[in-house]
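The chains referred to below are lettered A, B, ... by the order of the sequence lines, with proteins before strands, and numbering in each begins at 1. Heavy atoms only: backbone and side chains are in, while hydrogens, waters and symmetry mates are out.
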2 protein chains.
Amino acid sequence: MHAHPSRQKFIDAAIAVVREQGYAATSVDDICARAGVGKGSFFHHFKSKEELLLAAIEHWNAFTGAVFADAPFRRLADPRARLLGYVDFRIAILDRPIPEFACLLGTLVQEVYQSHPALLAACDAGMSGHIDDLVADAAAAKALYAPDADWTPESVGFFMQAVLQGSFIFAKAKNEAEVARDNLAHLRRYLESLFPPAAKKE
Amino acid sequence: MHAHPSRQKFIDAAIAVVREQGYAATSVDDICARAGVGKGSFFHHFKSKEELLLAAIEHWNAFTGAVFADAPFRRLADPRARLLGYVDFRIAILDRPIPEFACLLGTLVQEVYQSHPALLAACDAGMSGHIDDLVADAAAAKALYAPDADWTPESVGFFMQAVLQGSFIFAKAKNEAEVARDNLAHLRRYLESLFPPAAKKE
DNA sequence: TATAATATACCAACCAGTTGGTATGTCGAT
DNA sequence: ATCGACATACCAACTGGTTGGTATATTATA
């Protein structure tokens, strides 16, 4: 329904430019220039910069959702292996330039949390939706490997995401992904210890 | 040397407003209004908004450095206890409003990493300096409790900081600190497992 | 021919930074 | 002590440029 090519160009441009510059530093003209389409068209498709970003977040959620749903690790039978596979998958992505592996939502949250409630809610919903997939695996893995542990599967999903978001910050600060790789190696080690394979209960 | 009261008002105001709104969304007028001093004075003390932020980052580093140096956990004799004490200390701070416990540097990095090299370098230096203190404890604790482990003390320091930064993002996204508390509980559990107390070698 | 899509030109508000000037010292010479 | 020269601190008003958003006209499409 929302598939007009120019509209999509604006959305793709917004995701790219905001990941590089942030929300406030990105002007509508910047987005139009990146999209290669004029401002008249912009305000024909979106009634404001904020509304474009809501659409961009929606697209981001759909796109990243599909990427992870189709990733090979998703087809592993064991939920513990899927969680570790998720981490390995994120490590593999770190080869690309920083603006391509960093998270649009994490970048946005820090800028808009006091000023744009609608954007904040959309970011929260997107991140929480992504985490839900991790939580499902964490719950299944907990039932198998750590049924009596005193942490919740939900908290494991949020922890994994927090490590990722923090790692993106350090990748940006150091302008290289190695710190992020080391961080994810620690995360992987922690997950291995949370779900000790010896304890598997059939 | 740099102790003029108006200058300090601008620095304090900048830290407060940028933690709330971010760098790009904060105007010089915003900072002057918060400081209660006029714009003429601003450009008397600082030649640009960027230069003010460099001074603000410097002040931030000195201030937070003193807070952690004076914290009770610093006086614990055992380096492992100091690392866990650091995490507990950060958990305790989470009672305050979000803009008061979030990190200025982590907020800034995401906005300036492609556009303001001087600010980025200052943020990196500040975060790395703070991490150095953790690394010193991690190195000492490793020698005592995990001398043969295959991770470095440096990577532990960065991991701790990444969890914190990621937790701030989620606190902002959910507008409450509970997620951050849960994350830090996981971090604490991981540190406990990295330095198993049973393995202490005298 | 009607409607959706786009371009160009434009506006009021806002931005970082400047200007010209005032108030308040301070310090050496008288 | 006091006067003049100078520096620091500050302010209100302004400047040139940018911003998000609008108005209007033109072009493609159905």
Side-chain angles (χ1 to χ4, degrees), chain A residues 1-57 59 107-108 111-112 114-120 122, chain B residues 1-57 59 107-108 111-112 114-120 122:
Chain A
M1 77 179 194
H2 272 331
H4 193 281
S6 288
R7 191 189 143 93
Q8 193 57 45
K9 275 183 201 166
F10 286 124
I11 288 175
D12 293 339
I15 290 174
V17 181
V18 170
R19 282 215 276 181
E20 290 168 19
Q21 308 186 344
Y23 176 72
T26 297
S27 70
V28 173
D29 288 324
D30 289 341
I31 293 166
C32 293
R34 178 74 66 112
V37 189
K39 213 171 174 178
S41 178
F42 181 97
F43 284 99
H44 173 74
H45 290 287
F46 305 97
K47 74 174 207 287
S48 69
K49 179 180 157 186
E50 180 171 1
E51 202 200 74
L52 161 67
L53 253 103
L54 281 171
I57 292 168
H59 177 72
T107 303
L108 271 172
E111 280 191 82
V112 306
Q114 294 268 44
S115 55
H116 296 76
L119 290 179
L120 181 68
Chain B
M1 76 178 189
H2 271 333
H4 193 282
S6 288
R7 191 189 144 92
Q8 193 56 47
K9 276 184 199 164
F10 286 125
I11 288 174
D12 292 339
I15 291 174
V17 181
V18 170
R19 283 216 275 182
E20 289 168 18
Q21 307 185 347
Y23 177 73
T26 297
S27 70
V28 174
D29 287 323
D30 289 341
I31 294 166
C32 293
R34 178 74 65 112
V37 189
K39 214 169 174 177
S41 178
F42 180 95
F43 283 99
H44 173 73
H45 291 286
F46 306 97
K47 75 174 209 288
S48 67
K49 177 180 158 186
E50 179 171 3
E51 203 199 71
L52 162 66
L53 253 101
L54 281 171
I57 292 168
H59 177 72
T107 302
L108 271 171
E111 279 190 82
V112 306
Q114 293 269 45
S115 54
H116 295 75
L119 290 180
L120 181 67

Length of the CD-P vector between A:Glu51 and D:dG20, whole Å:
15 Å

Between the NE2 atom in A:His116 and the CG atom in A:Leu108, the distance rounded to the nearest 0.5 Å is 10.0 Å

Looking at B:His44, I'd like to know whether one of its side-chain N or O atoms comes within less than 4.0 Å of OP1 or OP2 on D:dC10.
no

Give a yes/no on whether any side-chain N or O of B:His45 is located under 4.0 angstrom from OP1 or OP2 of D:dT8.
no

A:Lys47 NZ to D:dA23 C1', in whole Å, measures 19 Å

Rounded to the nearest angstrom, tell me the gap between atom CZ in A:Arg7 and atom C1' in C:dA4.
15 Å

Quick one: does A:Glu111's side chain have a donor or acceptor within less than 3.5 Å of a partner on A:Ala24's backbone?
yes

Looking across every strand, which nucleic acid part, if any, lies under 4.0 Å from B:Lys39 by heavy atom: base, sugar-phosphate, or nothing?
base

Give the ring-plane orientation class for A:Phe10 versus A:Phe42, where under 30° counts as parallel, over 60° as perpendicular and anything between as tilted.
perpendicular

Mind calculating the distance between CG (B:Asp30) and P (C:dC15) to the nearest angstrom?
6 Å

Find the distance B:Phe42:CZ to C:dT19:P and express it as a whole number of Å.
17 Å

Does a side-chain N or O from B:His4 land closer than 4.0 Å to OP1 or OP2 of D:dT8, or not?
no

Closest approach to the side chain of A:Ser6, judged atom by atom: which nucleotide of C:dT6, D:dC11, C:dG17 is it?
C:dT6

Does the side chain of B:Leu52 come within less than 4.5 Å of B:His45's, by heavy atoms?
no

Figure out the CG/C1' separation between A:Asp29 and C:dT8, and round it to whole Å.
13 Å

Looking at B:Ser27, does any N or O in its side chain come under 4.0 Å of the phosphate oxygens OP1/OP2 on C:dC14?
no

To the nearest angstrom, the CZ-P distance between A:Phe43 and D:dT19 comes to 12 Å

Heavy atoms under 4.0 Å, any strand shown: does B:Gly38 hit a base, just sugar-phosphate, or nothing?
sugar-phosphate

Taking atom CD1 of A:Ile11 and atom CZ of A:Arg7, what is their separation to the nearest 0.5 Å?
4.5 Å

Nearest-angstrom distance from the residue atom NZ of A:Lys49 to P of D:dG21
8 Å

